[in-house]
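What follows is a short report on a single structure.
Chain letters run A, B, ... following the sequence lines, proteins first and then strands; every chain starts at 1. In this text, all values refer to a predicted model and were calculated from it rather than measured experimentally.
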Amino acid sequence: MLKLATWNVNSVRARLERLLAFLARENPDVVCLQELKVTDADFPRLELEGAGWQVAVHGQKTYNGVAILSRAPLSHVEPGLNDDVGDPEARLLSARVGDARVVSVYVPNGKVVGSDKWAYKLAWMRRLRAYLERSADPAGLLVLCGDFNVAPEDRDVARVEDWRDTVLTHEEARVALREIVGWGLTDTIRIHHAGDGPYTWWDYRMLGFPKNNGLRIDHIFATTALAARCRDAYVDRDERKGKLPSDHAPVVAVFD
DNA sequence: ATGGTTGCTTAGCAA
């Protein structure tokens, strides 16, 4: 059995105690993290290694930053999309764990539809599709997970009218996400949950969580061979509760 | 009454 989690922690330094508690409680084998907001040098490596984790980090000052934690050794650690566009922002990290390749991604938010950041988001998602095409095999064992900043369908949005045509729900972003998934991936949550939700992100503002104004924008996508072995997938909604949570809850998938 | 946040960096941006 292999348990994999993904979590946008919104600053690994601000969330370190919660992260360590989550790791101890949930006891996953592999964890993908996003929005570290630290350089590699400032990442709390010693604390995590002391708790028994192998650590791969692709950090950045102030913004972005992604990591992969593993109980078993990590190899083939490769940061970035590695295309000819260049990557000033630390948004992707790939590593091999056992027989599988794990890719942790933080897709750009896009700010406002029509803005420069929106164009960057859509372009980045197309680059991610191209990255999969040239560097991986859909017949293999690969997990692509992280904060995609896209709710795939209306059932992934608690209040559809509040979020219609925003950067998280716009059809162009949904098409770009379907292009990525269409490479050969399965949405593991949808193997086990057919109805509305679950949600993974609630805005800090406007009482998002108390009102359950949530969206499912964090995902664990697996290639067909792995998805066939997915025994469970869920959101750790309780992690969004209490004092100073991340605005995102972790997503967990369990594979035989 | 009709708002209501957090983190990084230090006034303004990003989400």
Side-chain angles (χ1 to χ4, degrees), chain A residues 6-22 32-45 47-48 57-67 87-93 104-125 128 145-152 156-170 172-174 176-177 199-219 235-251:
Chain A
T6 185
W7 190 15
N8 178 324
V9 291
N10 186 20
S11 170
V12 71
R13 285 177 292 187
R15 221 65 60 204
L16 183 57
E17 280 193 37
R18 271 189 177 260
L19 174 59
L20 291 168
F22 168 77
C32 293
L33 302 174
Q34 300 87 33
E35 273 208 272
L36 306 176
K37 297 186 173 182
V38 285
T39 60
D40 291 11
D42 286 337
F43 185 85
R45 174 180 288 274
E47 291 88 336
L48 287 158
V57 185
H58 181 34
Q60 179 183 338
K61 182 178 166 66
T62 311
Y63 303 117
N64 309 312
V66 288
D87 265 326
E89 303 187 353
R91 295 185 175 275
L92 184 148
L93 183 63
S104 177
V105 299
Y106 176 43
V107 172
N109 171 281
K111 194 175 177 73
V112 173
V113 173
S115 66
D116 288 350
K117 290 184 190 308
W118 170 247
Y120 179 67
K121 175 182 192 167
L122 295 176
W124 200 93
M125 293 181 79
L128 177 55
C145 59
D147 177 1
F148 288 77
N149 270 311
V150 180
D156 300 305
V157 183
R159 298 176 178 223
V160 172
E161 293 311 317
D162 283 10
W163 295 95
R164 188 176 298 285
D165 292 334
T166 64
V167 293
L168 303 182
T169 63
H170 194 280
E172 281 189 75
R174 287 178 168 174
L177 184 63
Y199 312 117
T200 67
W201 174 81
W202 300 261
D203 202 321
Y204 283 132
R205 298 161 291 189
M206 306 293 285
L207 298 178
F209 190 66
K211 292 179 172 176
N212 196 29
N213 189 357
L215 295 91
R216 190 173 71 95
I217 59 175
D218 301 86
H219 306 292
V235 174
D236 182 8
R237 190 177 183 283
D238 287 347
E239 182 52 56
R240 184 62 175 77
K241 299 176 180 175
K243 190 164 179 255
L244 291 179
S246 169
D247 45 354
H248 296 253
V251 185

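Here Tyr120(A) contributes atom OH and Lys117(A) contributes atom NZ; the two are 9.5 Å apart, rounded to the nearest 0.5 Å. Atom CZ of Phe43(A) sits about 6.0 Å away from atom CG of Leu33(A), to the nearest 0.5 Å. For the atom pair Asp203(A) CG and Leu168(A) CG, the distance stands at 9.0 Å (nearest 0.5 Å).
If you check every strand for non-hydrogen atoms under 4.0 Å, Tyr106(A) touches sugar and phosphate atoms only.
Cation-pi contact between Arg216(A) and Tyr199(A): absent, since separation from the ring centre below 6.0 Å together with deviation from the ring axis within 45° is not met.
Taking atom C1' on both nucleotides, dA11(B) is separated from dG7(B) by 14 Å, rounded to a whole Å. Nucleotides dG3(B) and dC8(B) place their P atoms 29 Å apart, quoted to the nearest Å. Taking atom C1' in both dT6(B) and dT10(B), the straight-line distance is 15 Å, to the nearest Å. Taking the P atoms as reference points, dA14(B) lies 14 Å from dT9(B), given to the whole Å.
Between the side chains of Asn212(A) and Trp202(A), at least one donor N or O sits under 3.5 Å from an acceptor N or O.
Protein chain A touches strand DNA chain B; the 5'-most and 3'-most nucleotides with an atom under 4.0 angstrom of its non-hydrogen atoms are dG4(B) to dA15(B).
Nearest-nucleotide mapping onto DNA chain B: of Lys211(A) and Asn64(A), the residue sitting toward the 5' end is Lys211(A). Nearer the 5' end of DNA chain B, as judged by each residue's closest nucleotide, is the contact made by Arg15(A), out of Arg15(A) and Asp247(A).
Listed for the Trp7(A) side chain is a donor-acceptor partner under 3.5 Å among the backbone atoms of His248(A).
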